[in-house]
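In what follows, chains are A, B, ... by sequence order, proteins preceding strands, each numbered from 1.
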Protein chains: 2
Amino acid sequence: MPKRVDHAERRTEIAEALVRVAGRRGLHAVGMRDVAAEAGVSLRLVQYYFETKEKLLLYGLEHLAERFGERVSARLRAAGDDPGPRATVEALLMAALPTDDESRTFHHLYTSYAVMAVHDRALAAQPFIKNPDAAEDALTGLLRQAQDADLLEPGVEPRLEATALLAMSAGLGTGVLVGQRDPESAAAVLDHHLNRVFRTGTATGPRHIGVLPARHDQRADGS
Amino acid sequence: MPKRVDHAERRTEIAEALVRVAGRRGLHAVGMRDVAAEAGVSLRLVQYYFETKEKLLLYGLEHLAERFGERVSARLRAAGDDPGPRATVEALLMAALPTDDESRTFHHLYTSYAVMAVHDRALAAQPFIKNPDAAEDALTGLLRQAQDADLLEPGVEPRLEATALLAMSAGLGTGVLVGQRDPESAAAVLDHHLNRVFRTGTATGPRHIGVLPARHDQRADGS
DNA sequence: ACCATCGTGGTACGTTCGTATCACGAAACC
DNA sequence: GGTTTCGTGATACGAACGTACCACGATGGT
């Protein structure tokens, strides 16, 4: 049935297969054949839509970053219409923590790509710079807003604090990922730290950390 | 000349070859043959001293962690006899930042191992838990000391702050590693943050960040 | 109705990898 | 001094990998 096929859609399906199998066995252990099997297509097809493995990996990273952006947006939307700067910042940072399977995979693969990017210049040109810088800008903006509304402790530098928070979130995420720390502990550290950035007694009452009930629609296959 | 050979020494030499070549081309791209060539021995020898690749990698990680510990100790010693808690903490955190080739390699390989450890249980049992926990304990102790000497801002929780600082340092290190941020910027963020943890006007005058002139005795081979 | 093109499968090729096997010289031991 | 063990080299093997090649059915254009 070789009807005319939507290439973009097909590529997305295959990229998602890549993400799934890489999340399950590690990016370094993924071959074209694995991706093909996971996507339920032949090896030839993977070759057809992505001529080379490098291109597949590149597209996989793009796809991953995109999905992650959507996830963060969804988290922010789920935090309510105007939840106050503190809750927004918290939602942003928490979204990056590996709390469920989906975010674990994100963190894991993103780190894998980062490691590869150290020696692969094609990868190094990818969203490792662009994407986190955007996040930093957004967070800086949020903090500046909060500062203008007199919601921050004195002496807080929005830009430096944004960088620090993002780095902290990433570092904590790695700790969670390797099993050194559990997600609750990481969230607690983040929360405590935000308490030292935001003035206490603010409107938002962040008693329990807003980790959503993890309604992830990840395909429940083999693993 | 098959004199009796010190196995431990030989294994160390090979492990260092592994670290060198992995730092140059990435851990995932390293084969036994590369390690053998880098160490200047035959493939058989690598097999002889480490029966399998997995054991070689495991030992490489141990060796890496050990070297890193020595590096940190050296930094601390170089900071002076009793440089005050602030300087000690700063030296500790700065040592983890990828500022020169040696620490870049450390950070890079350590992250590579961490990624592998997600799916390799033999690796997961290795110092990923033990080692950072020790660092966290040490840092917590340092902060508690400083707190007892009334050198910290009020409201600082030593344990939580230690975790946060370490995570931040790790996250910043990754940023530096992938070229998203330069070392000076990372150091500045760390410094600013420490200013919000330690009381200002303390004895130690940390005007310029104490990144040593990087007298690293790394073998200057190919790369 | 023809034909060029698209989507697809099967399979083969060359390389590289980790590991195993065989062989041998030199020392250590009794 | 014989023999057993140790250190070392060369090479072979089977598997897996990424990629290339070949063939063919179906479809869309004209």
Using 30° and 60° as the class limits, which term best fits the ring planes of A/F106 and A/F68: parallel, tilted or perpendicular? perpendicular
From CD of A/E54 across to C1' of D/dT19 the rounded distance in Å is 14 Å
Short side-chain N/O contact from A/Y49 to OP1 or OP2 of C/dT8, under 4.0 Å: yes
Carboxylate-amine/guanidinium proximity below 4.0 Å for B/R86 and B/D191
yes
Rounded to whole Å, CG of A/L43 lies from C1' of C/dA12 at a distance of 12 Å
I want to check one thing: is the phosphate of C/dT8, taken as OP1 and OP2, less than 4.0 Å away from some side-chain N or O of A/R10? yes
**Q.** Aromatic contact, A/H193 with B/H193 (centres under 6.0 Å)
**A.** yes
Between B/E51 and A/H7, whichever has its closest DNA chain C nucleotide further toward 5' is A/H7
Original post:
Is any NZ, NE, NH1 or NH2 atom of the basic residue among B/R24 and B/D101 found under 4.0 Å from an Asp or Glu carboxylate oxygen of the other?
Top reply: no
Here the distance between atom P of D/dC17 and atom CG of A/L56, to the nearest Å, is 14 Å
Looking only at C/dG7, C/dT19, D/dG7, the nucleotide nearest the B/Y48 side chain is D/dG7
Whole-Å distance, A/L27 CG to D/dC17 P, equals 14 Å
Regarding the side chain of B/L45, the nearest nucleotide among D/dT8, C/dC17, D/dT19 is D/dT8
Between CG of A/L57 and C1' of D/dC17 the distance, given in whole Å, is 13 Å
Rounded to whole Å, CZ of A/R33 lies from P of D/dA15 at a distance of 14 Å
Do A/D182 and A/S185 get their side chains close enough for a donor-acceptor pair, meaning under 3.5 Å? no
Touch class at under 4.0 angstrom, heavy-atom based, for B/V30 against every strand present:
sugar-phosphate
Separation of C/dG7 atom P from A/I14 atom CD1, nearest Å, is 12 Å
Checking D/dG18, D/dA20, C/dT19 against the side chain of A/Q47 (C-beta onward), the nearest is D/dA20
ask   = Are any of B/S42's side-chain N or O atoms less than 4.0 Å away from OP1 or OP2 of D/dA10?
value = no
By nearest-heavy-atom nucleotide on DNA chain D, the more 5' of A/R44 and A/D34 is A/D34
A/M32 atom CE is separated from C/dT15 atom C1', nearest whole Å, by 16 Å
